[in-house]
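One structure is given below, encoded as structure tokens.
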Amino acid sequence: MSKHRRGEKLGWLLGWTGSFLWLGLFSGWQMAAGKTFAGLSGSGLFALSLAVIVWLCPWRHPATRYWKLMLPIYGLLICSVGLVLSWLLPTEEIRLKPWEFFWLAPCLVPLFTLGRNTWNQGGEDKR
């Protein structure tokens with residue numbers, strides 16, 4: 001990793017990896033509990049998430065707006081939460097109401113604050 005914009009690169013890689021770290025730990029816990037399918041599918045989703053994070057690095061797609069790079073990662077994050085909920089709760093117990101998804105709103109703030117920028121802009125907000 002070059003020294004040029006190193007903090008931004010580390011922020012992207014480590015920040016998104018941290019967002020999925022719980023899934024890797026949970027998958028290991030499922031494997032230790034003897035739930036092989038849950039552990040392997042969670043580990044696979046964790047590995048896929050890491051690959052997508054690296055594949056969609058903004059410095060690899062410098063002219064693409066950040067929101068386009070973040071949407072697939074957010075999609076994987078939402079799928080991960082749904083998968084874990086399906087493991088933890090029987091289907092008949094999952095009765096989530098639409099307003100219960102408002103806890104996701106703070107997680108989506110970067111889509112609106114940084115989403116219009118590109119890597120080529122160098123962090124400048126050019127609206």
Can you get from W12 to F112 by hopping between Ile, Leu, Val, Met, Phe, Trp and Tyr side chains that sit under 4.5 Å apart? yes
L77 and L23: side chain to side chain contact (heavy atoms under 4.5 Å, CB included), yes or no, with the steps? CA-CA 9 Å; L77 190 60; L23 179 62; over 6 Å; no
Transitively linked via ILVMFWY side-chain contacts under 4.5 Å: L71 with I53? yes
Donor-acceptor pair, distance only, cut-off 3.5 Å: does the side chain of Q121 make one with the backbone of T118? yes
Between Y74 and W16 (judged by ring centroids, cut-off 6.0 Å), do the two rings come close enough to count as a pair? yes
Do the non-hydrogen side-chain atoms of S49 and I73 ever get within less than 4.5 Å of each other? no
Pair W87 and F26, ring centroids less than 6.0 Å apart: yes
For P72 and L56, the nearest pair of non-hydrogen atoms, with its separation, is CG-CD1, 3.7 Å
Please give me the minimum heavy-atom distance between S43 and S27, naming the atom from each residue. N-OG, 3.2 Å
Less than 4.5 Å apart, any side-chain heavy atom of L40 and any of Q30? no
Grouping I, L, V, M, F, W and Y whenever their side-chain heavy atoms are under 4.5 Å apart, do L13 and L48 come out in a common cluster? yes
Can you tell me how far the CG atom of L83 sits from the CG atom of L45, to the nearest 0.5 Å? 6.5 Å
Inter-residue atom distance L69.CG - C57.SG, 0.5 Å rounding: 9.0 Å
Counting C-beta onward and ignoring hydrogens, is there a side-chain heavy-atom pair between L76 and F20 closer than 4.5 Å? yes
Check whether any side-chain heavy atom of K9 sits under 4.5 Å from a side-chain heavy atom of W59, and report yes or no. yes
Taking side chain as C-beta onward, heavy atoms only, is M70 less than 4.5 Å from P110? yes
Does atom CH2 of W22 have more than 12 heavy-atom neighbours from other groups under 6.0 Å away? yes
Do V81 and L88 share a hydrophobic cluster (ILVMFWY, side-chain heavy atoms under 4.5 Å, transitive)? yes
CA sep, side-chain torsions, deciding dist, call: W55, R60, side chain to side chain contact (heavy atoms under 4.5 Å, CB included): CA-CA 8 Å; W55 180 52; R60 294 182 67 182; 4.2 Å; yes
Is there a side-chain contact between T64 and W119, using heavy atoms and a 4.5 Å cut-off? no
For residues L111 and Y66, determine if any side-chain heavy atom of one lies less than 4.5 Å from a side-chain heavy atom of the other. no
Where do S80 and F46 land on the side chain to side chain contact (heavy atoms under 4.5 Å, CB included) test, with the steps shown first? CA-CA 8 Å; S80 300; F46 178 64; over 6 Å; no
Main-chain N/O of G115 paired with R65 side-chain donor or acceptor, under 3.5 Å: no
Same cluster (ILVMFWY, side-chain, under 4.5 Å), V52 and L108: yes
